[in-house]
Each structure stands twice: as C-alpha cells, then as structure tokens.
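Down below is the structure, laid out as structure tokens.
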Amino acid sequence: QTFQGEIRNLQQKLESQLVSHAEIQANLEETKGRLESDMTSLRGELQQAKDVIFEQTREKNELQSALKETQSKHAQLEAETKELQKQLEEASHSQALQASSEMEALRWKATALEEEKTSLQEEIEAERQETRERVQELAKEISQKEEDLCIREQQLQADILKCEEQ
C-alpha cells in the first residue's frame, strides 16, 4: 500500500506539473501573439512615418519648384525693366511717359513677386521645421516601442527559461 500511495502521490505531482506546464505554455503563446501584434503595429506606424516624410518632402519640392519659377519670373521682369529703361532713354517725351508707366507697373509686379518669393521661402522653412519635428517625434515613439518590445522579449525569454527548468 505504501508503494501504491507513493505512486499516487507521484502521479498527482506529475499531473499538477503537467497542468502548470500547460498554463505556462498557454501564457507563452498569448505573450508571443501580443509581441507579434505589437511588431505588426510598429511596422504599420513606421510605414506611416515614412509616408508622412515622403508627403512632406513632395510638398517641400513643390514649394521649391514654385519658388524657382517665381525667381525666374522675377529675373525676367528685371530684364524687361532694364530694357524699358533703355527704351525710355531713347524715346521721345510721350514715349517716355508711356514707358515710365509701364516701368512703374513692372516695379509693382516685381514687388509682388518679391513678396511671393519671400512668402514661399517662409513656407518652405516652416515645412522643413515641421518635417524635422515630426521625424524627431516619430523617432522617439519608435525608440520607446522598441524598448518596450525588448522588455517584453526579455520577459518572454525569462518565462521560457522557467518553463524549460520545470
């Protein structure tokens, strides 16, 4: 009877350890699922960050293109103004008055284009600053999530080691 009692005790211990092992295994599977979900989520956030950076870069390039076009128009207007000044010197009094009027109109256009150029430069700088700030924010978020994943992975490794020891 003592021998059978010991066998029963050993069977009960074995069954208890099997139940405990199954629970630990289930916890590990659940933790693994969460880690995989977190990694998928992080990949999605990283892709979103890349998309934001791509879009902001595209917008910045469009603004720079518009600025170059404005600068080209400005240079063209300056050339036209010089040409009109030359014509003004050569023209008679009535032609001089007309040329003077046209020159004044060109000066107004040049001033307007200069203001537009300044505005575009300010927009480009604001976009650059916004892009830098967003990239820094995204880098901090990604770094934090990577740290969290490392901690979770270490916990999972510890759980696995506990299971293997049992």
*Quick one: pull up CD in Q12 and CG in L10 and give me the separation to the nearest 0.5 Å.*
9.5 Å
*Do D159 and Q155 meet the criterion of a side-chain donor-acceptor pair at a distance under 3.5 Å?*
no
*Would you find more than 12 non-hydrogen atoms of other residues, nucleotides or ligands less than 6.0 Å from K109 atom NZ?*
no
*Where the side chain of S37 meets the backbone of G33, is there a donor-acceptor pair that is under 3.5 Å apart?*
no
*What do the steps show when you test I142 against E45 for side chain to side chain contact (heavy atoms under 4.5 Å, CB included), and what is the final call?*
CA-CA 8 Å; I142 289 171; E45 290 177 22; 5.8 Å; no
*asked:* Looking at every heavy atom in both E146 and L42, which two are closest together, and how far apart are they?
replied: N-CD1, 4.4 Å
*Interatomic distance, S119 atom OG to E123 atom CD [nearest 0.5 angstrom]*: 4.5 Å
*Is it true that a side-chain atom of T131 and a backbone atom of E127 form a donor plus acceptor pair closer than 3.5 Å?*
yes
_Quick one: does any side-chain atom of S65 pair with a main-chain N or O of N61 as donor and acceptor, under 3.5 Å?_
no
*asked:* Given H21, which partner from the list E23, Q25, Q17 fulfils the side chain to side chain contact (heavy atoms under 4.5 Å, CB included) test?
replied: Q25
*Donor-acceptor pair, side chain of T57 and main chain of I53, under 3.5 angstrom*: yes
*asked:* Using only atom types and a distance under 3.5 Å, with no angle test, would you say the side chain of T111 pairs donor to acceptor with the backbone of R107?
replied: yes
*Distance (rounded to the nearest 0.5 Å) between L28 CG and L35 CG*: 10.5 Å
*Measure the CZ-OG distance between R43 and S41 for me, rounded to the nearest 0.5 Å.*
10.5 Å
*Mind checking the OG-NE2 spacing from S72 to H74? Nearest 0.5 Å is all I need.*
11.5 Å
*Between Q129 and E133, does any side-chain donor sit less than 3.5 Å from a side-chain acceptor?*
yes
*Quick one: pull up CD in Q85 and OG in S100 and give me the separation to the nearest 0.5 Å.*
10.0 Å
*Residues in side-chain contact (heavy atoms from CB on, under 4.5 Å) with R134, at least two apart?*
V52, Q56, E137, L138, E141
*asked:* Looking at E125 and R132, is any side-chain nitrogen of the basic one under 4.0 Å from a carboxylate oxygen of the acidic one?
replied: yes
*Please name all residues satisfying side-chain contact (heavy atoms from CB on, under 4.5 Å) with E116, sequence neighbours left out, ordered by chain then number.*
T70, L113, L120
*Evaluate the side chain to side chain contact (heavy atoms under 4.5 Å, CB included) criterion for residues K145 and L149: first the C-alpha distance (whole Å), next the side-chain angles of each, then the deciding distance (0.1 Å), finally the verdict.*
CA-CA 6 Å; K145 295 208 181 217; L149 278 176; 5.6 Å; no
*Run the side chain to side chain contact (heavy atoms under 4.5 Å, CB included) check on R128 and I124 step by step: do they pass?*
CA-CA 6 Å; R128 285 181 182 156; I124 288 171; 3.7 Å; yes
_Closer than 3.5 angstrom, by distance alone: can the side chain of S143 be matched with the main-chain N or O of A139 as a donor-acceptor pair?_
no
*Determine, stepwise, if the pair K73 / E69 fulfils salt bridge (Lys or Arg N to Asp or Glu O under 4.0 Å).*
CA-CA 6 Å; K73 287 179 183 177; E69 186 178 329; 3.6 Å; yes
